[in-house]
Amino acid sequence: MNIIITGLITGSMLALLAISFSLIFGVARIVNIAHTAFYMVAAYCIFSLTGKFGLNPIAGMMIAVVVVTVLGLLAYKFLIDPIREHEAAVLIATIALAMIFQEAVMLIYTGDYRTVSALIEGYFIVTGVKVFYQQVLTFGVVLVVLALLWFLLMKTKLGLAIRSTAEDREVANLMGMNDSRLAMITMGISVALAGFTGAVLAPLTVLSPFMWMEPLIIMMAVVVLGGLGSIKGSFVAAFILGFTEALVVFMIPKGAFLKGSVALTIMILVLLLRPEGLFGISFEEER
Amino acid sequence: MLLEIAHLTVRYEKAVLINDLSLCVDTGELVSLVGPNGAGKSTTLRAISGLVAWEREIKRRSTSGDIFLEGTVTFNGERIDQIPAHEIVRRGLVLCPERRRPFREMTVLDNLLAGAYLQKDPKKSRETLDKVYELFPVLKQRSPQIAGTLSGGEQQMLAIGRAFMSEPKLLCIDEPSTGLAPRLRQEVFEKISEINRLGITILLVEQEVSLVFKMSCRNYVLSSGKIIAQGTGQQLIEDEVLRKTYLGL
Ligand SMILES: Nc1ncnc2c1ncn2[C@@H]1O[C@H](COP(=O)(O)OP(=O)(O)OP(=O)(O)O)[C@@H](O)[C@H]1O
Ligand SMILES: [Mg+2]
């Protein structure tokens, strides 16, 4: 039971992180290493807003997401966009960005572990296992956001343009889609989702300036397993890894220390055996 | 004149792809651009639809070489050579690219709707979609299918249908017959004729000279980035040297 609950929650969060990471990669070939750093910033925002300023937690979450989105767009405009066509430069720039966030958090909040109080306290018991209301809430909200994201991508014109540009941005231009503008919009959506994930996760975890690293690795493993650029793949792979992680943590003594290495092992195995991932597309040269 | 290209030159680094090319297309015409492999036919279409300039911008940003682009392109009385690709479509100059390039992961219907991206009025898109389905009944039948799983012929119909969805005044089609069986080629050309009869001007790049000359009004022969001959199919075929050397007939 514990495994199922943890697996579902971790899986759904990983799905959000991995899908939002894939989105901006798909549209603009940006590998955003700072993706989970944005998620950390959102978590700390909530910590400050609800703790220091005593704001209502829901308002805190919303403000945190907005703050992170604005930060993301600024970073895109001034840091990433000018070097967008240089994949290696983008990689280095976003690593730098993540480090900047880490050091900034370290300066402001010190390296101490922090916690954010739950939105709703209490728990109920299913088959002898404590299920916290906060866990159920988080899971529910994440599912709703995933559904909204699906709707945006599959049922709206903006979604159609995002998918088209992700698949072939040259041809997308021929249909009147402005790929630079879409990259900007997608960056906004991507970072907002990272911020949102951080916001809903905050009450369930401890905050530290290094909290972006482990999810980054696991998220990368999800993206590789699902197939680079495949949204459906990211979704399925997220739950596979979410459950694997839960299994490892609960079944193996001291398993919690193995989480990262399991993800890395899966990533390496996939790269060796099936580089295109579960649902990946083998990339064709553009011309 | 609907389209007027004057003194177009395109260079990639030192390589000259298009060399001082001028041509024009009048409203309602079906004009073909033929020539051997590597003559610069695709580059011409990419230049007028804004893709060469788009690619130049990317190359500049990634400092991976430069493209030199010069000359004027006038469409419907307006200079379009400084306008970005995604704005050129809006003017009604639409390119159906080489190798079809469908969005392979998307359904046939989504591919067609992507073509109608600029049409704000859903009712109008619906009408155009009905026209496309009328032209290509097979696309209606396959509308929920993933485009990557279509056959080559169907993918070509989809590519043309998708371009048609952008409501072109001038439809440029790049080698629609590549890789198709003779019977399918015939069919694709018939569809192109049909679109032309609907009043849409067509600039067609092709290697399949014998079929194209039967339906085109005028033709340009391109070799090494230069127009070396022009005229009706009959006139071009009568020229012995041209026929043997460039047209492969
Ligand atoms: N990106 C590029 N960089 C450098 N040279 C290029 C590039 N694209 C095309 N070329 C060269 O430019 C020339 C013209 O290419 P283009 O694709 O326009 O020819 P084409 O007439 O369409 O040929 P085909 O019939 O094979 O499609 C070719 O020699 C090609 O090798
Ligand atoms: Mg060509």
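Residue numbers start from 1 in every chain, and the chains themselves are labelled A, B, ... in the order their sequence lines are given, proteins ahead of strands.
Both the sub-6.0 Å distance and the 45° axial angle are satisfied by A:Arg29 relative to the ring of A:Phe25.
Interface remark: of the candidates B:Leu95, B:Asp110, B:Leu93, B:Asp110 forms the most heavy-atom pairs closer than 4.5 Å to chain A. Counting heavy-atom pairs closer than 4.5 Å to chain A, the top residue among B:Ala85, B:Ala114, B:Ser166, B:Ala163 is B:Ala114. Counting heavy-atom pairs under 4.5 Å between each of A:Ala161, A:Ala172, A:Gly176, A:Ala89 and chain B puts A:Gly176 at the top. Ranked by heavy-atom pairs under 4.5 Å with chain B, the first of A:Met154, A:Glu87, A:His86 is A:His86.
If you measure heavy-atom distances from B:Arg61 to chain A, the contacts under 4.5 Å come from both the backbone and the side chain. Heavy atoms closer than 4.5 Å to chain A are found in the backbone of B:Pro102, but not in its side chain. The contact between B:Leu51 and chain A is made entirely by side chain atoms (from C-beta outward), counting heavy-atom distances below 4.5 Å.
The CG atom of B:Leu30 sits 7.5 Å away from atom CD1 of B:Ile192, with the distance rounded to the nearest 0.5 Å.
Between B:His86 and A:Met177, the shortest heavy-atom distance links the atoms CB-O, 3.7 Å.
Taking the centre of each ring, B:Phe68 and B:Tyr12 stay at or above the 6.0 Å mark. Proximity of the aromatic rings of A:Phe239 and A:Phe235 is defined here by a centroid distance below 6.0 angstrom, and this criterion is met.
Side-chain N or O atoms of A:Lys157 include one that pairs as donor or acceptor with a backbone N or O of B:Tyr117 at under 3.5 Å.
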